[in-house]
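The structure appears below as structure tokens.
Each chain gets a letter, A, B and so on, in the order its sequence line appears, and its residues count up from 1. Since the structure is predicted, the reported quantities are computational estimates derived from the model, not experimental observations.
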Number of protein chains: 2
Amino acid sequence: MTDQGRPYAGASREERKSARREQIVAAGISLFGTMGYRTTTVGAICEAAGLNKRYFYESFATLEDLLCEVYGRVIAELRASVLAGGGDDPATVLRGFMTGFLSWAQANPVKARVHLFEVLGVSARIDELYRFQGRVIGDELASRLSATIPGPDLTAGQQRVLGNVLVGAGLQMVVDWVISEYQPPRDELLEEMDATLGWVLAAGLAALG
Amino acid sequence: MTDQGRPYAGASREERKSARREQIVAAGISLFGTMGYRTTTVGAICEAAGLNKRYFYESFATLEDLLCEVYGRVIAELRASVLAGGGDDPATVLRGFMTGFLSWAQANPVKARVHLFEVLGVSARIDELYRFQGRVIGDELASRLSATIPGPDLTAGQQRVLGNVLVGAGLQMVVDWVISEYQPPRDELLEEMDATLGWVLAAGLAALG
DNA sequence: GCAAACTGGTACGACTTCGTACCAGAAAGG
DNA sequence: CCTTTCTGGTACGAAGTCGTACCAGTTTGC
């Protein structure tokens, strides 16, 4: 008779399966983030994970499914990082956001490559996940900013615009920074951003007044 | 003896070759912008162009080469559109940029899909072209903005930051707008952006003062 | 007209990846 | 110790695309 699962190497069937899945996910992050998603094959994943191809299909139906799982973990970590900072005034909230983003990208270059480059344009499913998470982060940021300002609240449409502006601007800057091999150093770039924000506010003030 | 080229159907060898190349480029824009780059094959391109596969390789070595040519034309058109507006004050420059971007995206949905979605993450070569053009547009915009402000000029680093912010924010908003199937209508969205900018300036003023 | 070049359609081998199957050896239970 | 399950390595057919070659029919120059 077929046993429904038997301990092996000191672990139950479910434990072994779960451990194999984790090995595959780890190999996915590593390969997607170094050689790139498009050039990674199921065979390469299994080789890196030290597992038979059969075990890939035990946990994932397609390579894209693995990318979804990998990206879900990457974006969760990034979201935690950019939203970690608090702050009672707008400048602190903004700086916390960009500090978290830059620090995360520099501390996790492989995962950063997955988020900033490899997931782009892979499939409609991944694209939707990508943009959904961007909107969540943008909404949260805009809402926090709005809360630090005594004046009138933003309308829903304005909050969406502000969220898009913040996320889009942040992404573009981090991408540029990563491509420039993390130059200038993080704190220097943060100061440049502060100075630029000051310049913009002064310019806007001059134009309004 | 082998003729080095003979008129055919009223056109010289070079004219015919050039016409075929144009047919292929047109088919490339159409297919890349509808079915997507990743699912487009050389065979599909030639079928859409009404040409033999042999003629593809007459003008392009790989499908990626065709994408480079296609994207070069798309980005040139977009650049002309977003930089068309003039303006002597910051708000006019910004509004001209976003108006040009939104109008172009709505008037050329197929090309917009190529720029906003399909070229992403295809290859290092395309990525570099994409980001180079983004930097060119951002620099030009930041420089124009700087010129409308009486105060001190931006440093090179600050101009880069501002350019990244503008291009990143603009891209994110257009992507969001296209995904939302061009809702709300263009002029409504532009007014929301104006209102949001006003809110930000007021908030910044309150925080500074 | 007639030969030579051009054109579009079809066909073909090479290559890669996928997804599954087989098979010999290791680990656990009785 | 011996049977059964599990594991990793290898092998294999299916499918899709690439890039080229062949071939019949058309257009041109002479």
Side-chain angles (χ1 to χ4, degrees), chain A residues 1-28 31-32 35-70 118 122-123 125, chain B residues 1-28 31-32 35-70 118 122-123 125:
Chain A
M1 289 301 105
T2 60
D3 283 5
Q4 295 270 358
R6 209 172 54 178
Y8 197 83
S12 76
R13 183 187 192 79
E14 281 307 313
E15 287 169 341
R16 296 197 308 275
K17 177 174 173 179
S18 174
R20 283 192 293 260
R21 187 187 163 94
E22 286 307 307
Q23 283 177 277
I24 293 173
V25 170
L31 291 188
F32 293 158
M35 70 168 54
Y37 171 72
R38 260 157 291 91
T39 56
T40 299
T41 65
V42 174
I45 291 283
C46 296
E47 191 178 358
L51 292 172
N52 190 281
K53 262 212 277 184
R54 176 193 350 153
Y55 294 122
F56 179 89
Y57 298 103
E58 176 188 53
S59 289
F60 302 97
T62 68
L63 199 61
E64 192 191 314
D65 286 349
L66 173 60
L67 181 63
C68 281
E69 172 70 29
V70 163
E118 295 305 325
V122 166
S123 75
R125 192 159 130 234
Chain B
M1 290 298 106
T2 61
D3 283 4
Q4 295 272 355
R6 209 174 53 177
Y8 198 82
S12 76
R13 182 186 193 80
E14 281 306 314
E15 287 168 340
R16 295 196 310 274
K17 176 174 173 177
S18 174
R20 282 191 295 260
R21 188 186 163 95
E22 287 307 307
Q23 286 177 275
I24 293 172
V25 170
L31 291 188
F32 293 159
M35 69 169 54
Y37 171 73
R38 260 158 292 93
T39 57
T40 299
T41 66
V42 174
I45 291 284
C46 295
E47 190 178 358
L51 292 172
N52 190 283
K53 263 212 276 185
R54 173 190 356 145
Y55 294 122
F56 179 88
Y57 298 102
E58 176 189 53
S59 289
F60 302 97
T62 67
L63 199 60
E64 190 190 316
D65 286 349
L66 173 60
L67 181 62
C68 282
E69 172 70 29
V70 163
E118 295 305 324
V122 166
S123 75
R125 192 158 129 236

CD of B:E47 versus P of C:dG8: gap in Å, rounded?
14 Å
When you measure from the side chain of A:R16, which nucleotide among D:dT7, C:dA11, C:dC6 comes out closest?
D:dT7
Side-chain contact, heavy-atom cut-off 4.5 Å: B:S59 with B:R20?
no
Let's see if you can work this out: which of D:dG19, C:dG19, D:dG8 has an atom nearest to the side-chain heavy atoms of A:L51?
D:dG8
Rounded to whole Å, CZ of B:R13 lies from P of D:dT28 at a distance of 15 Å
For A:M35, is there any backbone N or O sitting under 3.5 Å from a side-chain donor or acceptor partner on A:T39?
yes
Between B:L63 (CG) and D:dG19 (C1'), how many Å, whole number?
13 Å
Measure CD1/A:I45 against P/D:dG8 and give the value in whole Å, please.
16 Å
With sequence neighbours left out, write down each residue that passes side chain to side chain donor-acceptor pair (under 3.5 Å) with A:S123, or none if nothing qualifies.
A:E64
Rounding to an integer number of Å, can you tell me how far A:I24 CD1 sits from D:dG8 P?
11 Å
Rounded to whole angstrom units, what separation is found between the CD atom of B:E64 and the P atom of D:dG19?
12 Å
May I have the distance from B:F56 (atom CZ) to D:dA21 (atom P), rounded to whole angstrom?
17 Å
Residue whose closest nucleotide on DNA chain C lies nearer the 5' end, B:E58 versus A:V42:
B:E58
Please walk me through it: do A:E58 and A:R21 pass salt bridge (charged side-chain N to carboxylate O under 4.0 Å, His left out)?
CA-CA 8 Å; A:E58 176 188 53; A:R21 187 187 163 94; over 6 Å; no
Donor-acceptor contact present, side-chain A:S18 to main-chain A:E14, <3.5 Å:
no
Per-nt protein contacts along nucleotides 23-30 of chain C (heavy atom under 4.0 Å; B base, S backbone sugar-phosphate only, - none) come out as ---BSSS-
Residue A:K53, side-chain atoms from C-beta onward, closest of D:dA11, D:dC18, D:dC6
D:dA11
Of the listed nucleotides (C:dT7, D:dT7, D:dT10), which one gets closest to any side-chain atom of A:N52?
D:dT10
Treating B:E118 as the side-chain partner and B:G36 as the backbone partner, does any N or O pair qualify as donor plus acceptor under 3.5 Å?
no
Any A:Y57 side-chain N or O less than 4.0 Å from OP1/OP2 of C:dT20:
no
Rounded to whole angstrom units, what separation is found between the CZ atom of B:F60 and the P atom of D:dG19?
14 Å
Look at the side chain of B:E15 and the backbone N and O of B:S12, then say whether any donor-acceptor pair between them is shorter than 3.5 Å.
yes
